[in-house]
Amino acid sequence: MFRVTKEIHFCYGHRLMNYDGKCRYFHGHNGKVEVEISAQTLDAKGMVRDFTEIKDILYTWIDKTLDHRMLLNKKDPLKETLEKAGEPVYAMEENPTAENIAKLIYDTAQAKGLAVSSVTLWETPNSFATYCEKR
C-alpha cells in the first residue's frame, strides 16, 4: 500500500451546542488538515496522486466552503442572526467538533474522487481528531 499526505491550513470559527465547557462560546482556530490518499499501485507517473491535483481538488473546496467561516450546527439559534448580518456561515448537520469536521472533509474528498484513507484535523498544535473508515 502506498500513501501520500497533503497538508492544508485554514482558519475557522465555531461553537458547540449542548456543551458545558468554554467551547460553547464563539471562538476560532487556525486549523491544519492532513489528507492521506492511498493506492495499491502507482500511476504511470509513479505517483499515488499528484500533490498539485490534491491541492486543486480539496484546497479549493476548503477555501470556498470552510475558510474564514463560522461552522455551526444547523440548529444553532444564532445561525440565522449571523447570516442576516452578512457573516459567512457553514451549517453542519451536527456539532462542528474536530471529529465531525474531519469526517466532513473525508466525505468531501471521497465524493470528489480522491482515494482518501484518512483525514486528520488539528484544531490546535496539540489537539487533533482523525476520521478513517474501518481498516
Side-chain angles (χ1 to χ4, degrees):
M1 177 72 67
F2 295 95
R3 294 185 180 127
V4 296
T5 302
K6 181 68 179 168
E7 192 174 289
I8 299 169
H9 296 258
F10 71 105
C11 299
Y12 67 98
H14 71 156
R15 76 174 188 161
L16 303 181
M17 294 179 58
N18 304 315
Y19 185 78
D20 291 330
K22 291 180 183 179
C23 291
R24 72 177 179 260
Y25 303 114
F26 290 119
H27 63 284
H29 294 285
N30 292 317
K32 175 176 80 170
V33 179
E34 295 174 354
V35 180
E36 181 184 88
I37 310 295
S38 58
Q40 292 291 334
T41 59
L42 300 178
D43 66 14
K45 296 175 282 193
M47 300 177 176
V48 170
R49 189 76 183 243
D50 189 314
F51 290 118
T52 302
E53 289 176 2
I54 299 168
K55 179 183 175 187
D56 290 347
I57 293 167
L58 204 53
Y59 174 78
T60 300
W61 179 83
I62 288 172
D63 187 53
K64 289 180 182 177
T65 310
L66 303 178
D67 189 45
H68 284 83
R69 294 193 180 270
M70 187 62 66
L71 310 184
L72 298 175
N73 183 309
K74 71 177 187 174
K75 296 176 185 171
D76 191 307
L78 291 177
K79 178 181 125 356
E80 190 174 315
T81 302
L82 290 173
E83 289 172 334
K84 282 182 182 176
E87 292 296 322
V89 172
Y90 181 83
M92 296 179 62
E93 292 294 320
E94 56 283 306
N95 251 348
T97 61
E99 295 87 342
N100 286 326
I101 297 167
K103 184 177 185 312
L104 171 68
I105 295 169
Y106 179 99
D107 291 345
T108 300
Q110 196 171 50
K112 291 186 172 293
L114 295 173
V116 61
S117 48
S118 71
V119 169
T120 299
L121 174 70
W122 290 81
E123 198 169 74
T124 69
N126 33 352
S127 298
F128 63 90
T130 300
Y131 181 81
C132 62
E133 292 190 1
K134 190 175 179 179
R135 293 181 189 202

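Both L66 and I57 are members of a single hydrophobic cluster when ILVMFWY side chains are connected at heavy-atom separations under 4.5 Å. Grouping the Ile, Leu, Val, Met, Phe, Trp and Tyr side chains by contacts below 4.5 angstrom, directly or via other members, places L104 apart from L16.
Side-chain contact, T60 with D63: no donor N or O sits under 3.5 Å from an acceptor N or O.
Side chain of R69 to main chain of K64: a donor-acceptor pair is present (N/O by atom type, distance under 3.5 Å, no hydrogens or angles). No donor-acceptor pair under 3.5 Å is formed between the side chain of H14 and the backbone N or O of L72. When atom types are taken as modelled, the side chain of D50 and the backbone of T52 share a donor-acceptor pair closer than 3.5 angstrom.
The ring pair (Phe, Tyr, Trp, His ring centres under 6.0 Å) contacts involving residues 64-118 comprise Y106-Y131, where partners must be two or more places apart or lie in separate chains. The salt bridge (charged side-chain N to carboxylate O under 4.0 Å, His left out) pairs that include a residue from residues 105-115 are K103-D107, where partners are two or more places apart or lie in different chains.
Counting heavy atoms from C-beta outward, K79 and K84 have side chains that stay 4.5 Å or more apart.
Residue E53 holds its CD atom at 13.0 Å from CG of L58, rounded to the nearest 0.5 Å. The NZ atom of K75 sits 8.0 Å away from atom CD of E93, with the distance rounded to the nearest 0.5 Å. The OG1 atom of T97 sits 9.0 Å away from atom CG of L121, with the distance rounded to the nearest 0.5 Å. The distance from the NZ atom of K74 to the CG atom of N95 is 13.0 Å, given to the nearest 0.5 Å.
Counted within 6.0 Å of NZ on K32, heavy atoms from surrounding residues, nucleotides or ligands total more than 12; the atom is thus considered enclosed. For CD of E80, the number of neighbouring non-hydrogen atoms (other residues, nucleotides, ligands) closer than 6.0 Å is 12 at most.
In this structure, the ring pair (Phe, Tyr, Trp, His ring centres under 6.0 Å) partners of W122, at least two apart in sequence or on a different chain, are F128. Residues satisfying the side-chain contact (heavy atoms from CB on, under 4.5 Å) criterion with P77, sequence neighbours excluded, are R15, M17.
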Table please: side-chain donor-acceptor pairs of residues 4-11 below 3.5 Å, with sequence neighbours left out.
residue	atom	partner	partner atom	Å
E7	OE2	H9	NE2	2.9

Solution key, residues 18-26 side-chain donor-acceptor pairs under 3.5 Å, sequence neighbours excluded:
residue	atom	partner	partner atom	Å
R24	NH1	D20	O	2.3
R24	NH1	G21	O	3.4

